[in-house]
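Letters A, B, ... mirror the listed sequences (proteins, then strands); counts begin at 1.
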2 protein chains.
Amino acid sequence: MTLSDTDIEKTTESRVQTPRLDRQLCFALYSASGLMTKLYRPLLAPLGLTYPQYLTMLALWERAPRTVGELGDTLGLDPATLTPLLKRMEAGGLISRRRDPADERRVLVQPTAEGEALRAAAGGIQEALGCQLPLEPVELAKLRDTLNGLVGQLRALETEATAVEQGNER
Amino acid sequence: MTLSDTDIEKTTESRVQTPRLDRQLCFALYSASGLMTKLYRPLLAPLGLTYPQYLTMLALWERAPRTVGELGDTLGLDPATLTPLLKRMEAGGLISRRRDPADERRVLVQPTAEGEALRAAAGGIQEALGCQLPLEPVELAKLRDTLNGLVGQLRALETEATAVEQGNER
DNA sequence: TCCTTTTAATTTGTACACTAATGATTTGTG
DNA sequence: CACAAATCATTAGTGTACAAATTAAAAGGA
């Protein structure tokens, strides 16, 4: 372990420090996430689902109906992202969308019978992927928990930042 | 640790096994990656860079010129994704694109003087983020290495799959 | 040499993903 | 009650991201 074993590379020509791509946590996350999505794609296509749509169904299978905003909080997505996504899923017959009679601002989302029927197939996908993934289940769980911890901290940072924006820093 | 402590939830009503969102490694990666991108966004905006554009500059600062295909391999992106992205960066004056005289199929990409000048600012971004990240540098490095290992294995799976597609399984 | 095959990048079409602006409803306050 | 402020979803506009089709150039074979 040398002193120069950092994520910064010192170039001789300018003494400018350039961050190295393969030392960036953000790039590791970016790559891993993209590859995982690619791995799911061929398994989800037969079900008529994209990867974000699959995550949405997972959320709805756990609890429904939910409003667009609640779904966005769970998935970490903007309402502006979800609206067209949910419309496509509605057009595909997997979910229903209706205004909440008790509060006409909200839109309630829930799986249709057809959407509910996909539940069984989802279990098969997890099984198929577990076989492909070249990772011990224990290691996998550890990595997942570490990431979820990071996600929690990043979300805390996020809400803190918006609070400061609104002058609520006390 | 109970026997039911798995990533599958058994529902009483149908005995169907539904994967739980918060137990999915893929969702943890998806969320962490998205949040990290959000964290970078306000820091990169003053430089006129989006997050994928920033990664592209990191790659080009390390080695240039590079072809579109080489960049795609490094970043894990399709040429079809990079072409418009690179055009925007060219329009912004950060990179230059030109056909390789030795092979007119290739397009050589490299930073302009203006793009090279951003190098210094990039170091500052890493510094600013390191302060924000609520994670020990050692833990961070460990997580990064674990992820890079996963990325390597997923890439191997990927090329293996395309090889089978082409009937090269022997 | 001619012609087929392969390779490299681009174009087309669909689907996320976010910011900013808009519209509609509800809540809070005088 | 009236009406300003806050809340919720949608729309508009820009920028990834990929599959499939296209164009252009190089490589390989008869």
Side-chain angles (χ1 to χ4, degrees), chain A residues 30-31 33-42 44-45 48-56 65-73 75-92 94 97-109 158 161-162 165-166 168, chain B residues 30-31 33-42 44-45 48-56 65-73 75-92 94 97-109 158 161-162 165-166 168:
Chain A
Y30 177 80
S31 303
S33 178
L35 284 166
M36 202 62 95
T37 302
K38 272 184 201 153
L39 200 60
Y40 271 87
R41 203 189 313 278
L44 293 174
L49 286 174
T50 66
Y51 181 66
Q53 289 174 7
Y54 172 65
L55 295 179
T56 303
R66 298 214 224 191
T67 68
V68 174
E70 286 168 354
L71 221 41
D73 289 340
L75 299 174
L77 292 176
D78 234 68
T81 299
L82 281 175
T83 293
L85 184 150
L86 294 172
K87 280 187 179 177
R88 280 186 289 270
M89 293 176 75
E90 186 184 33
L94 298 178
R97 294 160 68 242
R98 65 177 202 281
R99 290 279 167 183
D100 184 347
D103 185 342
E104 291 280 344
R105 290 173 302 181
R106 302 173 198 257
V107 168
L108 297 176
V109 184
E158 205 181 22
T162 60
E165 246 171 50
Q166 299 174 347
N168 303 359
Chain B
Y30 178 80
S31 303
S33 179
L35 285 166
M36 202 62 95
T37 302
K38 271 185 202 151
L39 200 60
Y40 271 87
R41 204 189 312 277
L44 293 174
L49 285 174
T50 66
Y51 181 67
Q53 290 173 6
Y54 172 65
L55 295 179
T56 304
R66 296 215 226 191
T67 67
V68 174
E70 285 168 356
L71 264 178
D73 289 340
L75 298 174
L77 292 177
D78 235 67
T81 299
L82 281 174
T83 294
L85 184 150
L86 293 172
K87 280 186 178 176
R88 280 186 286 270
M89 293 177 74
E90 185 184 35
L94 297 178
R97 293 161 68 243
R98 65 177 203 283
R99 290 279 166 182
D100 185 348
D103 185 342
E104 291 281 342
R105 290 172 303 180
R106 302 172 196 257
V107 167
L108 296 175
V109 184
E158 204 181 22
T162 60
E165 247 170 49
Q166 298 174 348
N168 303 359

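- Look at Lys87(B) and you'll find a side-chain N or O under 4.0 angstrom from OP1 or OP2 of dT11(C).
- Annotation: side chain of Leu85(A) is in contact with side chain of Arg88(A) (closest heavy-atom distance under 4.5 Å).
- The heavy-atom pair separating Pro42(B) from Lys38(B) by the smallest distance is CD-O, 3.1 Å.
- Under the rule for a salt bridge (charged side-chain N to carboxylate O under 4.0 Å, His left out), the partners of Arg97(B) that lie at least two apart in sequence or sit in another chain are Glu90(B).
- Contact between the side-chain N/O atoms of Arg97(A) and the OP1/OP2 oxygens of dT10(D) is found at a separation under 4.0 Å.
- Which of dT11(C), dA25(D), dT10(D) sits closest to the side chain of Pro79(A) comes down to dT10(D).
- Between the C1' atom of dT10(D) and the CD atom of Glu104(A) lies a distance of 15 Å, rounded to the nearest Å.
- Close to dT11(C), at under 4.0 Å from its OP1 or OP2, lies no side-chain N or O of Thr83(B).
- Between the CG atom of Leu82(A) and the C1' atom of dA15(C) there is a distance of 13 Å, given to the nearest Å.
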Practice item. Do nucleotides 14-24 of chain D as a string where each nucleotide becomes B, S or -: B if the base has a protein heavy atom under 4.0 Å, S if just the sugar-phosphate does, - if no protein is that close. Key: -SBBBB-----

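- At least one side-chain heavy atom of Leu94(B) sits less than 4.5 Å from a side-chain heavy atom of Leu49(B).
- The separation between Arg66(A) atom CZ and dA9(D) atom P is 13 Å, rounded to whole Å.
- Below 30°, between 30° and 60°, or above 60°: for Tyr40(B) and Tyr51(B) the angle between ring planes is between 30° and 60°, a tilted geometry.
- Following rounding to the nearest Å, Glu70(A) (CD) and dT7(D) (P) show an atom-to-atom distance of 15 Å.
- Between Leu49(A) atom CG and dT14(C) atom P the separation is 19 Å, expressed in whole Å.
- One atom, CG of Leu55(A), and another, P of dA15(C), lie 17 Å apart when rounded to the nearest Å.
- Thr37(A) comes within 4.0 angstrom of nothing in the nucleic acid, heavy atoms only.
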List every contact pair, protein side and nucleotides 1-3 of chain C side both N or O, where the distance is under 3.5 Å.
none

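- For Asp100(A) and dT27(C), the CG to P distance is 11 Å, given to the nearest whole Å.
- Contact of the Val109(A) side chain with the Thr67(A) side chain is not registered, since no non-hydrogen atoms from C-beta on lie closer than 4.5 Å.
- Distance check, rounded to the nearest 0.5 Å: OG1 of Thr50(A) to CG of Leu55(A) gives 8.5 Å.
- For Asp103(B) and dA9(C), the CG to P distance is 8 Å, given to the nearest whole Å.
- Here the closest heavy-atom approach between residue Pro84(A) and residue Thr81(A) is recorded as CD-O, 3.4 Å.
- Using a distance-only test at 3.5 Å, with no hydrogens or angles considered, no donor-acceptor pair links the side chain of Arg106(B) to the main chain of Arg99(B).
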